[in-house]
Amino acid sequence: MYIVNLILPLIGSIITGIFGHKLGNRISIKIAVGCMMLTAISSLYIGYEILLCNSVVHFKLGTWMQVGSLNVEYGLLYDSLTSIMIIVITCISSMVHLYSMDYMKEDPHKTRFFSYLSLFTFFMMLLVTADNFVQLFFGWEGVGIMSYLLINFWYTRLQANKSALKAVILNRFGDFGLFFGILLVFLVFKSVDFSVIFTIAPFITEYTINLLGYEVNAITLIGSFIVIGVVGKSAQLGLHMWLPDAMEGPTPVSALLHAATMVTAGVFLVLRTSPLLSYSITILNILTIIGALTTLFATTIGIVQNDIKRVIAYSTCSQLGYMIFACGLLNYNASIYHLTTHAFFKALLFLSAGSVIHGLNDEQDMRKMGGLVNLMPLTYQCMLIGTLALTGFPFLSGYYSKDIILETSYATYYWEGTFAAIIGYVAAFGTTFYSFRLLILTFFNKPRMQYKTIAGVHEASTNMVIPLVILALCSIFIGYVTKDFFVGLGTPVWNNSFFAYPYNNLILESEVLQRELKLLPLFAFIYGVITPVLFYFNIKEDRMINVKQNLMVKESYFFFVKKWYFDFLSRVLIVVPFFHLSYDVMNKNLDKGLWEKIGVTGVATTLVTAFTALKLKNEITLSTYISYIVQTIILIIVVGIFSFMTGFIYMELCIIIGILYICLPSIKID
Amino acid sequence: MTGHAPESTFNADGSRKMIATQQQCEDKNLPLSFRDYCAHLLIPLNDCRVSTYYAPWKCMDEKHAYEGCQYDEYLYRKIKKSEQDEAERIKREVVIEKENPKDRPYEEIKLS
């Protein structure tokens, strides 16, 4: 059951990818979709065994490599965290596969698309089921490569090429950090197995590593590199630039990779290594601050975006910040809870946006949409449900998971938690603002499309509607149904999946917070609905004129549109110097130019330059010139005799001396 | 099982009484941070959760009893914190008095 659960996506990918054209598009795609749905069903059964029947599964499949004390084995670890992750991954992937059957129907390369999608799911499951760091890293790299291939699926588009390269390069920086973290883990623990590492961690909390003369705590150093990996994969502040541009891929790719699965790999890594990272307060504070700032950053930029998919992408970035700072506050089950609910309603939003784009003949600018509420009523309903769940409307999924993160942030009573809580409450308002702005511009306002486009608007087909309805039902109910399961007081589900010091019991403290703090998200929601209605609902110039003329509004808008100048700074400080170094210095002068500079061409050029300079000196008479030439010839003859004995370099040296002799104008021999 | 009058966690002399034993907590896999004086109510709650597959609309009696116990613990912590703060304040005042004997003018007059 467990091995089949892991292998089925790979089998579907191989059959579709290699034999797709022999079997025919229709049959091979159905094989891929069928394999994925079987995987989802087996994941649910595994979840029943592990989560409800409380039996953790851990087994070894064989030895991968054994070199000295390094012993890497193929092992699968199915505990509570893994079970939740594989249920989320396979259910969302099944919905996306089913949706893509019609969305990619007219694409000539759809077998390749389904092969990539299944292979991505395999790597993601490899990542979450690994029982050691090396196997986890293999899955981690795999999802990065598949991200490149899927973003660049329409590889004839230049913007898709650039976005895919951006994604893979920025992920590479994060992967580099994780790689160093794994090396340090092996250096300190002499093992890469999770069970060994997490057992030993409590006994080496005082262990230090001498780094450039400073004694650095080992766990803090390991954690700092792991945090770099988390920042890269989960698009946190600093390495976040790839996520909005990843929207160049097909919309099902955004729904799967950039809403539910790949971007949560960083959160998963923090949760998986929580028995290690919990011993470093510094790393936890760094995670809190990075997550909170990412939430604020992504929310403010999402407010000013006009591409429907980029608004949702920045929303994903913001929600990932919530998950990361919840982890930083040792609130692991609230983080996994939000990860789970967010996967469903964000996938719903992306797929609904895909229906809108599909119906509008691939238009993505919200300013050229409007009036779709009557033309696409089912898509509108799904989008509305997803939006309400995302914004934390009472008793929908996001209400339960987001509010508990905000309340427990305040309940820490430390400045990091208060900092994160304030930003979280502000971001809750911002989330509501841009989400309802999206709804108003897309569905409610007067249409701003061409008549030909309006005539062609159509609702999604059956295979696209079924996943939307299923995800909508999940967005409504899954938060309530699983509340006691994830974050109930004293729930026994998690066993040893997470570790936090016992006196950090935030959920208990959050039960007794002041009422004002519990009602604050509701007020954020109300203001977040009213504000875009006032400003965007059938826009009137007299109402907007004061806003447009306000200097602070204009400067703020520009600052947000420029993405807080992160792209500009990274270009000026990193990209341009890097290109100068790699091309002008390394490529031209070293790789290609070194032997030319000191070889035949260089010598000839130098001689020509010298003689040309010599010819410009008018004070030298003809007799002096002839005298120099004769002496040079004599010198070369003499040197030529010695060159047979001393070699090329000596000849070079003598020639250089001769050149210097020629160029000394003060010497006169008459 | 729990009824309207749950077993008290205080002994007759006012000291705390741990009803659930350490072994019971370990047998039931209670999370470390929840092995407090309400653990004896959490054990049946978790049993009920597992048997009803964590349905949030079930186990209301056990949940209510457990949350009531936790709320009483919270109030007890508030009382203890107030007492502790008061003791700290009194101690601080005594220290201030010792450090500033000149605040009492009759002492100064006597010395002069």
Side-chain angles (χ1 to χ4, degrees), chain A residues 44 47-56 79-80 83-84 202 274-275 278 330-333 337 340 395 397 399-400 408 411 413 477-514, chain B residues 1-2 6 9 18-20 22-82 84-85:
Chain A
L44 289 171
Y48 168 74
E49 275 193 353
I50 294 171
L51 300 168
L52 300 182
C53 301
N54 196 24
S55 62
V56 174
D79 61 355
S80 308
S83 299
I84 294 293
S274 64
S278 293
L330 294 169
N331 200 9
Y332 297 120
N333 46 351
Y337 188 34
T340 304
F395 310 116
S397 295
Y399 167 75
Y400 292 102
T408 50
Y413 304 119
F477 294 111
I478 201 161
Y480 172 65
V481 168
T482 59
K483 179 177 186 295
D484 227 29
F485 183 85
F486 279 97
V487 294
L489 289 174
T491 178
V493 163
W494 302 113
N495 288 322
N496 287 330
S497 292
F498 315 131
F499 174 77
Y501 279 100
Y503 50 81
N504 283 285
N505 197 341
L506 300 179
I507 293 180
L508 203 54
E509 286 295 320
S510 70
E511 290 282 327
V512 293
L513 281 188
Q514 300 93 320
Chain B
M1 184 189 300
T2 54
T9 57
M18 185 71 182
I19 297 174
Q22 180 79 6
Q23 190 62 44
Q24 284 173 332
C25 293
E26 288 201 9
D27 290 344
K28 293 297 182 178
N29 283 329
L30 291 192
L32 289 179
S33 51
F34 288 95
R35 299 184 183 186
D36 51 8
Y37 292 108
C38 299
H40 62 285
L41 295 172
L42 183 57
I43 291 171
L45 172 57
N46 280 351
D47 289 342
C48 184
R49 279 170 168 163
V50 170
S51 62
T52 58
Y53 299 130
Y54 297 90
W57 57 89
K58 300 287 183 61
C59 311
M60 284 302 181
D61 291 338
E62 288 87 350
K63 197 176 298 181
H64 181 72
Y66 181 68
E67 289 178 350
C69 181
Q70 286 290 356
Y71 186 67
D72 291 340
E73 288 291 310
Y74 166 71
L75 295 179
Y76 182 73
R77 286 200 297 273
K78 281 182 70 176
I79 292 168
K80 283 298 184 181
K81 188 64 164 63
S82 298
Q84 188 179 358
D85 290 346

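Labels below follow one simple rule: chain letters A, B, ... track the order of the sequence lines, proteins then strands, and each chain is numbered from 1.
- A:L508 touches chain B through its side chain: at least one heavy atom from C-beta onward sits under 4.5 Å away, while N, CA, C and O do not.
- Within 6.0 Å of the NZ atom in A:K483, the count of heavy atoms belonging to other residues, nucleotides or ligands does not exceed 12.
- Note that CG of A:L489 is 6.5 Å distant from CD of B:Q70, once rounded to the nearest 0.5 Å.
- In this structure, B:Y54 OH and A:L51 CG are separated by 8.0 Å, a value rounded to the nearest 0.5 Å.
- Neither the backbone nor the side chain of B:E73 comes within contact range of chain A; no heavy atoms are under 4.5 Å apart.
- Residues A:G490 and B:P31 come closest through the heavy atom pair O-CD, 3.8 Å.
- At a 4.5 Å heavy-atom cutoff, the contact between A:T491 and chain B is made by backbone and side-chain atoms alike.
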Passes side-chain contact (heavy atoms from CB on, under 4.5 Å), A:Y480 versus B:W57? Steps please.
CA-CA 9 Å; A:Y480 172 65; B:W57 57 89; 3.8 Å; yes
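- Between A:Y48 and B:Y53 the shortest side-chain heavy-atom distance falls below 4.5 Å.
- Your options are B:L32, B:N46, B:L42, and the one with the most heavy-atom pairs under 4.5 Å with chain A is B:N46.
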